[in-house]
There are 2 protein chains.
Amino acid sequence: MAGHEIIKKPLFTVDSVLFTVHEDTLKVLMVKRAQQPFQGAWGLPGGFIDIDLDQNTDMTARRKLADKTGFTPNYLEQLQVISGPDRDPRGFSVTLAYFALVAHQSVASHIDSVEMACWIPVSKLKELTTAFDHRQIIELSRQRLKQKTLYSLLPVFCLPQKFTIGQLMAVIETIIEKPLQRKSLMRRIEASEMFEISNEKISSGGRLAQLYSLKLDANIVNFERNLSI
Amino acid sequence: MAGHEIIKKPLFTVDSVLFTVHEDTLKVLMVKRAQQPFQGAWGLPGGFIDIDLDQNTDMTARRKLADKTGFTPNYLEQLQVISGPDRDPRGFSVTLAYFALVAHQSVASHIDSVEMACWIPVSKLKELTTAFDHRQIIELSRQRLKQKTLYSLLPVFCLPQKFTIGQLMAVIETIIEKPLQRKSLMRRIEASEMFEISNEKISSGGRLAQLYSLKLDANIVNFERNLSI
DNA sequence: TAAATAGTGTCTCTAAGACAGTATGGA
DNA sequence: TCCATACTGTCTTAGAGACACTATTTA
């Protein structure tokens, strides 16, 4: 109020929780920390905003993810800001966490060559040494992904450009940890008008499966009802 | 990556969009700016985090709101971070916007004595000179409030501790800009188990109306379906 | 007793769940 | 021909919308 006090500035970082689903397992991209603090522990990919390179924080998140994976995610949204005096030993810190999705195959090849970035199954996280409060941030993010999956088709962003209903169903079931009626999914796909029926079908052990793809101009649709818990 | 470059830090602020409903109108708390930039324009209450006073950004939002209104809001949640090089003439800035609700009567008396804080009807905003991108932030916030009102009973936080179904119905109708069936609201109130039936009733021009209040331990319930748009 | 607001009973409507039945590929 | 997976038809179910009906207060 009084005008020109000096106010100490907190550290501000941008971190991303990048999910994918592979082999019926929800995985998150983690990076082995090369520096202090938490050197050697696993942490979320992220870093400081660079006001010469980034037009906004979304760009920071994308840039840092591209550094680690060579790709930009299929989907990116803000999760939330976490802040406090004790979460970073260097002092009061403010982290903007993002939540992102990508198809496993998009980054798999590139990632294997980068020793320090790794897909970790979410269920294995508790066995690892993780940096800061990143485990809680991932848990928050997982809840958000689950919730959104109940009223949208967000999990398509974990699949390649062309995909089958069966693949989408499997990814959704992995995320919500419940079985899903194929019929319910097909009704939503039709009602959303977000997808195109490709002229190809692929083999999958039985009758050929229709391939679908996101329309170019598609916006993600939110349904009026949740899938039942 | 390389280690110790000097990175210019962006300005980081916390602003709040505090809503209330009064006389069937959605209003937002605005403050006349005493200093540059945008001196004399209307802006959102907010300011810099003070790491000696605030345990986290929620506290910053509450503290700044208390400065203006003398009260802490009934409900507060993060909206989102907005950032960019051009939104503040002083340079690259990052703002964490909060979204908050309060009963009009809680702050009305105090506010009238503070010349510089004022409830502005959301519909009148375009006639005012507003600071930064605060008009867009308010619009975003309004959309979030509307959306949440479709699947929760959040608008109770715009009412006094004891309230009637009719009052809640009126507030909801103001927010969603649609009529609502009293029956639908009563079903939700019952199903949520969030409320207690008071032993008082109040007069309202006809039959006495039952007073309800939030249970002490009540968590806000999210319903499986939206009210219909 | 009329007007006004509170509250109930009950039918319709919509979209999800369940599940049996059909279709079509590969071994 | 059998099995596996893809897809469809259709009944059930849960909860919102509509709206007429009853209840209780003040003027």
Side-chain angles (χ1 to χ4, degrees), chain A residues 24 146-153 155 159 162-173 176-195 197-213 221-229, chain B residues 24 146-153 155 159 162-173 175-213 221-229:
Chain A
D24 293 333
K146 190 167 177 174
Q147 190 55 35
K148 285 212 157 190
T149 300
L150 296 178
Y151 64 80
S152 77
L153 295 172
L159 289 172
K162 291 189 178 181
F163 61 90
T164 68
I165 307 281
Q167 290 168 348
L168 181 52
M169 205 171 115
V171 169
I172 293 176
E173 289 181 330
I176 66 178
E177 298 171 293
K178 291 274 172 190
L180 168 66
Q181 294 281 328
R182 166 185 289 264
K183 184 78 188 188
S184 299
L185 178 54
M186 294 200 70
R187 278 191 287 234
R188 286 189 159 198
I189 285 177
E190 169 134 32
S192 72
E193 299 185 320
M194 291 164 55
F195 303 98
I197 296 185
S198 155
N199 46 17
E200 298 166 70
K201 302 191 184 211
I202 59 162
S203 171
S204 51
R207 174 172 164 178
L208 295 188
Q210 179 63 56
L211 282 171
Y212 289 76
S213 64
V221 166
N222 292 330
F223 300 97
E224 301 289 295
R225 304 189 189 180
N226 282 1
L227 298 175
S228 57
I229 43 167
Chain B
D24 294 331
K146 190 166 177 173
Q147 190 56 33
K148 285 212 158 192
T149 300
L150 296 178
Y151 65 80
S152 76
L153 295 172
L159 289 171
K162 290 188 179 184
F163 61 90
T164 68
I165 306 281
Q167 290 167 348
L168 181 52
M169 205 171 115
V171 169
I172 293 176
E173 288 180 332
I175 292 170
I176 67 177
E177 299 171 293
K178 290 275 172 188
L180 168 66
Q181 295 280 328
R182 165 186 290 266
K183 185 77 187 185
S184 299
L185 178 53
M186 294 200 69
R187 279 190 286 233
R188 287 190 158 199
I189 286 177
E190 169 133 34
S192 71
E193 300 186 318
M194 291 165 55
F195 303 98
E196 255 159 14
I197 297 184
S198 154
N199 45 16
E200 298 165 70
K201 301 190 182 212
I202 59 161
S203 171
S204 51
R207 173 172 164 177
L208 296 189
Q210 179 64 56
L211 282 171
Y212 289 77
S213 64
V221 167
N222 292 330
F223 300 97
E224 301 289 296
R225 302 192 189 176
N226 283 2
L227 297 175
S228 57
I229 41 168

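Below, read A as the first sequence line, B as the second, and so on, with proteins coming before strands; counting in each chain starts at 1.
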Note to self: Expected output is a numbered-order residue list: members of residues 190-197 of chain B with a heavy atom under 4.0 Å from any atom of DNA chain D. What is it?
What the structure shows: none

Distance-only donor-acceptor hits, side chain of residues 180-189 of chain A, under 3.5 Å, sequence neighbours excluded:
unit_1: R188(A); atom_1: NH1; unit_2: L150(A); atom_2: O; d: 3.0
unit_1: R188(A); atom_1: NH2; unit_2: R225(A); atom_2: O; d: 2.6

Check: What's the spacing between S192(B) OG and N222(B) CG if we round to 0.5 Å?
Finding: 11.0 Å

Next item on the list: Sequence neighbours left out, what passes ring pair (Phe, Tyr, Trp, His ring centres under 6.0 Å) with F163(A)? Give chain and number order.
Entry: F195(A)

Check: Could you run down nucleotides 11-21 of chain D 5' to 3' and tag each one B, S or - for protein heavy-atom contact under 4.0 Å?
Finding: ---BBBBBB--

Next item on the list: Using whole Å, report how far CG of L168(B) lies from P of dG7(C).
Entry: 12 Å

Notebook entry, point to check: With R207(B), which residues qualify under side chain to side chain contact (heavy atoms under 4.5 Å, CB included), at least two apart?
Noted result: none

Notebook entry, point to check: Over how many whole Å does the gap from Q210(B) atom CD to dA23(D) atom P extend?
Noted result: 18 Å

Check: Rounded to the nearest Å, what distance is computed from the NZ atom of residue K178(A) to the P atom of nucleotide dG17(C)?
Finding: 12 Å

Next item on the list: Using atom CZ of F163(B) as one end and atom P of dA6(C) as the other, report the distance to the nearest whole Å.
Entry: 14 Å

Item checked: Non-neighbouring partners of E177(A) that pass side chain to side chain contact (heavy atoms under 4.5 Å, CB included), sequence neighbours left out -> R142(A), K146(A)

Checklist line | side chain to side chain contact (heavy atoms under 4.5 Å, CB included) against Q210(A), all qualifying residues, sequence neighbours excluded | finding: I197(A), S198(A), K201(A), Y212(A)

Check: Who are the side chain to side chain contact (heavy atoms under 4.5 Å, CB included) partners of K178(A), not counting sequence neighbours?
Finding: I176(A)

Notebook entry, point to check: Would Q147(B) and N226(B) count as a side-chain contact (heavy atoms from CB on, under 4.5 Å) if you check the C-alpha gap in whole Å, the side-chain angles of each, and the deciding distance to 0.1 Å?
Noted result: CA-CA 9 Å; Q147(B) 190 56 33; N226(B) 283 2; 3.4 Å; yes

Margin query: I want to verify a distance call: between dT8(C), dC7(D), dT5(D), whose nearest atom is closest to the I165(A) side chain?
Written below: dC7(D)

Notebook entry, point to check: Rounded to the nearest Å, what distance is computed from the CZ atom of residue R182(B) to the P atom of nucleotide dA23(D)?
Noted result: 16 Å

Checklist line | ring pair (Phe, Tyr, Trp, His ring centres under 6.0 Å) involving F223(A) - partner list, sequence neighbours excluded | finding: none

Note to self: From CE of M186(B) over to P of dG9(C), roughly how many Å is that when rounded to an integer?
What the structure shows: 11 Å

Margin query: Over the length of the helix from dT1(C)-dA27(D) to dA27(C)-dT1(D), how much do the five-pair end axes diverge, rounded to 10 degrees?
Written below: 10°

Notebook entry, point to check: For E200(B), what residues pass the side-chain hydrogen bond (donor to acceptor under 3.5 Å, both in side chains) criterion, not counting sequence neighbours?
Noted result: K162(B)

Check: Between CG of L168(B) and CG of L159(B), what distance do you get to the nearest 0.5 Å?
Finding: 6.0 Å

Margin query: For a quick test of reading the model, state the closest non-hydrogen atom pair linking S203(B) to L208(B) and the distance between them.
Written below: CA-CD2, 3.6 Å

Checklist line | Test item: T164(A) and S204(A) side chains (from C-beta on) under 4.5 Å apart, heavy atoms | finding: no

Item checked: Interatomic distance, Y151(A) OH vs dA15(C) P [rounded to whole Å] -> 19 Å

Notebook entry, point to check: How does each nucleotide of nucleotides 20-27 of chain C score, in 5' to 3' order, for protein heavy atoms under 4.0 Å: base (B), sugar-phosphate only (S), or none (-)?
Noted result: ---BBB--

